[in-house]
Novice: 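Okay, handing you the structure first.
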Amino acid sequence: MSADPSPAPVNITLPDGKQLHFPRAVTGTEIAAAIGPGLARAALAVEVNGQDWDLSRPIPGDARVRIITRKDPEALELIRHDAAHVLAMAVQELFPGTQVTIGPAIEDGFYYDFARDEPFHPDDLPRIEARMHEIVARDLPTRRTVWPRDEAIRHFEQIGEHYKAELIRDLPRSEEITVYYHGAWHDLCRGPHFVSTGKIGQAFRLTKIAGAYWRGDARNAQLQRIYGTAWRDEKELDAYLKRIEEAEKRDHRKLGREMDLFHMQEEAVGQVFWHPKGFTLYHLLEDYLRRKLARAGYCEVKTPQLIDRKLWEMSGHWANYRQHMFVAEVEDEKKTLAVKPMNCPGHVQIFKQGTKSYRELPLRLAEFGSCHRYEPSGALHGIMRVRAFTQDDAHIFCTHEQISDETIDFCRLLMEVYRDLGFDDVHVKLATRPDNRIGSDQIWQLAEQSLESATKQAGLNYSINPGEGAFYGPKLEFVLRDSIGREWQCGTLQVDFNTAERLGASYIAEDGAKHAPVMLHRAILGSMERFIGVLIEHYAGKFPLWLAPVQAVIATVVSDADAYAQEAADAMHRAGLRVDTDLRNEKINYKVREHSLAKVPNLLVVGRREAENRTLMLRRLGSETQESLALDAAIPILTQEGMPPDSRN
RNA sequence: GCCGGCUUAGCUCAGCUGGUAGAGCACGUGAUUUGUAAUCACGGGGUCGCGGGUUCGAUCCCUGCAGCCGGCACCA
């Protein structure tokens, strides 16, 4: 079943342009050996004309070839893919009768989906992992075999691997069916794989068990997925595990409780109880955004929470999202009211009041819109995914010609806001026309072009998400990267040619005729709740001074300083600073520790000396040193430092 | 919603094979007036998530439900 050795000579071109000549088909292993023994040892796979191949697979004709070693970027993916195979093998050794399905390499690791009646238990992971280490230590040789399609299907059916048989049936006829052997164990796989299991190394760890639908479709059977992580060496593995640990430390659910920002409870699932400190943060963010919006020409509005289902039927939401809407009924009325899941129809109602002229466009209606959606229970996650949330929503009613300028302005505004909030790394995805859509290609063309050129003009990095737009128009999705490299999609801008018309909104154009306005749906933060969650994790709770719920604590050393501490706090409150006092009968060490752990940015210590001299000892969070400041000097310093970014200079 | 796991004091967690619960921190009281990451002593606090069952007896075993956690699916 291995390829026939070709009698023809083969010319191999290396990346540096050097050519090697072989009398017949040659394998990656042989090429590596011809280059040098060091490379022969380090070789993991070989790139042949841009495709990754097994080292042992004969290269039948002339080719450009590059030997892949552990140092190459592809190595990780190959290690992970091999590790997935070893995982499958270990599972089948330990749990006979388990069917294997698919097992790809993913970011940071790999997984494999299994079909087995008995569920895996977390305690099984160490056992499976131990077996994997053993299989790697066995250093089983890998063999690639090519099978006739029907024979492969018959074989997998016969050994009870029905999912594999289904996979082969669904492969295009043109596809070569390859089966990889690691020792006697084998699996349908496109490859490539290392020459033996020993090449994987031992820097892997199984991490979690999960349910996953066959082929990602909820209508299909649910399989059991085992996740693992794999790296080039122990050092990389440790670094990864450390990274996960660090991420857990800044989990917004943990910090939210520790910092007394909010809580959630059973009686209000998916809804946030904001505590005084958390709501201070919330308001600071909202106030900041409100100022930005006002300056950018938005008008803020507020629309009803409960709206008759008729309006939702008209907008099309009732038909599509009824199951995800909360509904309210009152005994004395026959009406059914829906709690708004979005703000657009409300804003359209405001637009529709009176007759609008083209002169009034663009009209930008903004709302911190409280929305409720019945999210599936399994989707809920802290304050990141909730059932009651507040969108920093706005709808720009404009003409087709105005789409471009409005988009540019929006991108700029959004970038300013993100930068002010500490996010510099942002990229944009442009989701273009889907197959199933309404509106003429001409209008789509205009909308997509407007979005794309606006994105460019705003100086943003963007990529295209073909076919991912909404049925009513293309959209921009803004993704930001946080301080530990995670990505969050927050902002969005969607072009909508449909809703305004559907809800009967129009304006009188220059030609005197009625036209439906284009609606741009846009949000910068997305949801206040979620964005605050992102902020907490981004800053690990150590907010910049302008967002810190408590900007400073004045802590006394002795009770003789109480009166002075109170006086200083009063003066700071008058200056608009958010300051607490700590007059407790505790040692200063204790107070320093406590407020440091509470992530208070500035600690102001006062004892007898300070009370006499009217000074404060300032200790900044994260610093181990202090500086003495006159009270009169400290106030303007902190006020200046705590100024919101849009008020500076 | 689906698969799996978890649920013991405000928090973090002990509690062997069933005999009605403990620690540290937090909280309260007292002593201590302290100079930059935990002062000492004493004390209060739990219907062991909720309901049903098995048992002489259930935090522990079985079962239903809820919530949470990890994924999957979903996210106008």
Novice: For A/A218, enumerate each residue passing the side-chain contact (heavy atoms from CB on, under 4.5 Å) test, keeping only those at least two apart in sequence or located in another chain.
Specialist: A/Y213
Novice: Measure distances between side-chain N and O atoms of A/R619 and base N and O atoms of B/rA37, and say whether any donor-acceptor pair falls under 3.5 Å.
Specialist: yes
Novice: Dot-bracket for RNA chain B: what is it, with Watson-Crick or G-U pairs under 3.5 Å, [ ] where a pair crosses earlier ones, and | for a pair to another strand?
Specialist: (((((((..((((.....[..)))).(((((.......))))).....(((((..]....))))))))))))....
Novice: Does A/E537 have any salt bridge (Lys or Arg N to Asp or Glu O under 4.0 Å) partners at least two apart in sequence or in another chain, and if so, which?
Specialist: A/R486
Novice: Nearest-Å distance, CG (A/L597) to P (B/rA38)?
Specialist: 10 Å
Novice: Kindly give the atom pairs (protein nitrogen or oxygen, nucleotide nitrogen or oxygen) under 3.5 Å for nucleotides 3-8 of chain B.
Specialist:
residue: B/rC3; atom: O4'; partner: A/Q222; partner atom: OE1; Å: 2.6
residue: B/rC3; atom: O2; partner: A/G211; partner atom: N; Å: 3.3

Novice: Using the 3.5 Å cut-off, write out each protein N or O paired with an N or O of nucleotides 9-15 of chain B and the distance between them.
Specialist:
residue: B/rU12; atom: OP1; partner: A/R257; partner atom: NH2; Å: 3.2

Novice: Pick out the pairs of N or O atoms, protein on one side and nucleotides 61-69 of chain B on the other, that lie under 3.5 Å.
Specialist:
residue: B/rA66; atom: O2'; partner: A/E266; partner atom: OE2; Å: 3.0
residue: B/rC69; atom: OP1; partner: A/R253; partner atom: NH1; Å: 2.9

Novice: Does A/Q489 reach a base, just sugar-phosphate, or nothing at all? Heavy atoms under 4.0 Å.
Specialist: nothing
Novice: For a quick check, tell me whether the side chain of A/R219 and the base of B/rA73 share a donor-acceptor pair closer than 3.5 Å.
Specialist: no
Novice: Just jot down the side-chain contact (heavy atoms from CB on, under 4.5 Å) partners of A/N465, sequence neighbours excluded, or say none.
Specialist: A/K429, A/A431, A/E468, A/E477
Novice: So, using side-chain hydrogen bond (donor to acceptor under 3.5 Å, both in side chains) as the criterion, who are the partners of A/E93 when residues are at least two apart?
Specialist: A/R131, A/R138
Novice: So for A/Y111 and B/rG71, does any side-chain atom that can act as donor or acceptor lie under 3.5 Å from a complementary atom in the base?
Specialist: no
Novice: With sequence neighbours excluded, tell me which residues meet salt bridge (Lys or Arg N to Asp or Glu O under 4.0 Å) with A/D170.
Specialist: A/R215
Novice: Identify all side-chain donor-acceptor contacts of residues 270-278 of chain A below 3.5 Å with residues at least two apart in sequence or on another chain.
Specialist:
residue: A/H275; atom: ND1; partner: A/D260; partner atom: OD1; Å: 2.7
residue: A/H275; atom: NE2; partner: A/H263; partner atom: ND1; Å: 2.7

Novice: Looking at every strand, decide which applies to A/F389 at a 4.0 Å heavy-atom threshold: base, sugar-phosphate, or nothing.
Specialist: nothing
Novice: Going by side-chain contact (heavy atoms from CB on, under 4.5 Å), name the residues that satisfy it together with A/R593, two or more places apart in sequence or in a different chain.
Specialist: A/L597
Novice: Spell out protein contact along nucleotides 39-44 of chain B as letters: B when the base is contacted, S when just the sugar-phosphate is, - when no protein heavy atom is under 4.0 Å; keep the 5' to 3' order.
Specialist: B-----
Novice: For the pair made of CG in A/L503 and P in B/rA76, what is the distance, rounded to whole Å?
Specialist: 18 Å
Novice: Do A/R481 and A/E487 meet the salt-bridge criterion of a basic N to acidic O distance under 4.0 Å?
Specialist: yes
